[in-house]
**Student:** 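Attaching a single structure in structure tokens format; questions to follow.
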Amino acid sequence: MLCVDYDTPHIDFKVPPLTLQPLVENAVKHSLDPNGEALHIYVKTRLTDSGNEIIVENNGLDYQPSTDNEPHTALANIQQRLNMMCKGTLKITPREGGGTVVKVTIPNTKQ
């Protein structure tokens, strides 16, 4: 019911602690449909003009923003940690064909 694929050719950057693990955990916890097809999680890294990117993508249930004014605690913590530790960002978008894409961008610090 679960398949995880990695495409991580770019690894020459630092990631704040507790960034990647909760993103993958959330994908399993919130995207797995017990009555649906197997959940595929894709973890990718790449270097872009805007910095280092980590992408956690899944084909499961779509991300649902909080409707009760309660933030998604893990995501809020990751956003705060990224901003404080490296001026990084976190962006969540729907995946074409269903599922969710979470993109973490960590600016380049090498000159």
Side-chain angles (χ1 to χ4, degrees):
M1 292 287 303
L2 177 64
C3 180
V4 180
D5 290 315
Y6 298 92
D7 180 12
T8 56
H10 177 61
I11 57 172
D12 190 23
F13 61 98
K14 293 187 180 196
V15 179
L18 296 173
T19 299
L20 184 58
Q21 181 270 335
L23 293 178
V24 174
E25 182 179 326
N26 272 357
V28 173
K29 182 177 180 182
H30 299 291
S31 298
L32 182 63
D33 180 357
N35 300 316
E37 62 185 61
L39 178 65
H40 287 262
I41 298 173
Y42 308 92
V43 179
K44 306 171 190 176
T45 61
R46 63 184 179 190
L47 178 62
T48 68
D49 291 339
S50 59
N52 309 283
E53 288 184 350
I54 303 168
I55 301 162
V56 178
E57 181 176 340
N58 71 72
N59 69 331
L61 300 173
D62 295 341
Y63 169 75
Q64 298 297 318
S66 184
T67 57
D68 56 6
N69 293 328
E70 299 256 343
H72 291 280
T73 304
L75 296 176
N77 289 343
I78 294 167
Q79 286 177 319
Q80 182 180 25
R81 198 168 24 259
L82 283 166
N83 185 41
M84 288 175 50
M85 296 181 81
C86 61
K87 302 296 182 219
T89 60
L90 180 126
K91 181 178 179 183
I92 303 169
T93 57
R95 179 177 178 265
E96 188 174 317
T100 303
V101 177
V102 179
K103 185 187 300 183
V104 173
T105 302
I106 300 171
N108 269 334
T109 56
K110 293 182 180 182
Q111 298 295 331

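Every value quoted in this text rests on a predicted model; they were computed, and no experiment measured them. Nothing fancy with the numbering, it's 1 onward along the sequence. Just the heavy atoms: all of them, side chains too, but no hydrogens, waters or symmetry mates, feed the values below.
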**Student:** Quick one: closest heavy-atom pair of G36 and M1, and the distance?
**Tutor:**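 Reported closest heavy-atom pair: O-CE, 4.0 Å.
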
**Student:** Restricting to non-hydrogen atoms, name the atom on I78 and the atom on T19 that form the minimum distance, rounded to 0.1 Å.
**Tutor:** CD1-O, 3.8 Å

**Student:** Identify the heavy atoms of A27 and I41 that sit nearest to each other, and give their distance.
**Tutor:** CB-CD1, 3.8 Å

**Student:** So do T89 and V104 actually touch side chain to side chain, heavy atoms under 4.5 Å?
**Tutor:**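 With C-beta onward as the side chain, the pair stays apart.
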
**Student:** Could you give me the CA-CA distance, side-chain angles and deciding distance for I55 and V43, then say whether side chain to side chain contact (heavy atoms under 4.5 Å, CB included) is met?
**Tutor:** CA-CA 6 Å; I55 301 162; V43 179; over 6 Å; no

**Student:** Between CZ of R95 and OG of S31, what distance do you get to the nearest 0.5 Å?
**Tutor:**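 One gets 10.5 Å once the value is rounded to the nearest 0.5 Å.
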
**Student:** Check whether any side-chain heavy atom of Q21 sits under 4.5 Å from a side-chain heavy atom of L18, and report yes or no.
**Tutor:** yes

**Student:** May I ask whether I106 and V101 are part of the same hydrophobic cluster, defined by side-chain heavy atoms of I, L, V, M, F, W, Y residues being less than 4.5 angstrom apart, directly or through others?
**Tutor:** no

**Student:** With distance as the sole criterion, is a donor-acceptor pair present between the side chains of H10 and N52 under 3.5 Å?
**Tutor:**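 Side chains of H10 and N52: pair found under 3.5 Å.
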
**Student:** Any chance you could measure Y6, atom OH, to T45, atom OG1, to the nearest 0.5 Å?
**Tutor:** 12.0 Å

**Student:** What distance separates D5 CG from K44 NZ, expressed to the nearest 0.5 Å?
**Tutor:**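 It is 9.5 Å, given to the nearest 0.5 Å.
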
**Student:** Quick check: closest heavy atoms across N108 and T48, and the distance to 0.1 Å?
**Tutor:** ND2-O, 4.5 Å

**Student:** Using the test salt bridge (charged side-chain N to carboxylate O under 4.0 Å, His left out), find all partners of R46 that sit at least two apart in sequence or belong to another chain.
**Tutor:** E53

**Student:** Looking at every non-hydrogen atom in both residues, tell me the closest pair between C86 and P16 and how far apart they are.
**Tutor:**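 So the minimum-distance heavy-atom pair works out to SG-CG, 3.9 Å.
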
**Student:** When rounded to the nearest 0.5 angstrom, what distance separates CG in L20 from CD in E25?
**Tutor:**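 Reported value, rounded in 0.5 Å steps: 11.5 Å.
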
**Student:** Keeping N59 on the side-chain end and H40 on the backbone end, is there a donor-acceptor pair under 3.5 Å?
**Tutor:** yes

**Student:** Under a 4.5 Å cut-off applied to non-hydrogen side-chain atoms, are V4 and Y42 in contact?
**Tutor:**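 Answer no - side chains too far apart.
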
**Student:** Measure the CG-CG distance between L23 and L90 for me, rounded to the nearest 0.5 Å.
**Tutor:**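 CG of L90 is found 6.0 Å from CG of L23.
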
**Student:** Is the backbone N or O of G99 less than 3.5 Å from a side-chain atom of D62, with the two atoms forming a donor-acceptor pair by type?
**Tutor:** yes

**Student:** Could you report the tightest heavy-atom contact between Y63 and T100, atom names first, then the distance?
**Tutor:** N-OG1, 2.9 Å

**Student:** Using side-chain heavy atoms (C-beta onward) and a distance below 4.5 Å, is K91 in contact with T105?
**Tutor:**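 Heavy-atom side-chain distance check fails, nothing below 4.5 Å.
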
**Student:** Are L61 and V24 linked, directly or through intermediate hydrophobic residues, by side-chain heavy-atom contacts shorter than 4.5 Å (ILVMFWY only)?
**Tutor:**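 No, V24 does not connect to L61 through the hydrophobic network.
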
**Student:** Enter the distance from D12:CG to K14:NZ here, rounded to the nearest 0.5 Å.
**Tutor:** 10.0 Å

**Student:** Are side-chain heavy atoms of L2 and L32 found at a separation under 4.5 Å?
**Tutor:**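 No, too far: nothing below the 4.5 Å cut-off.
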
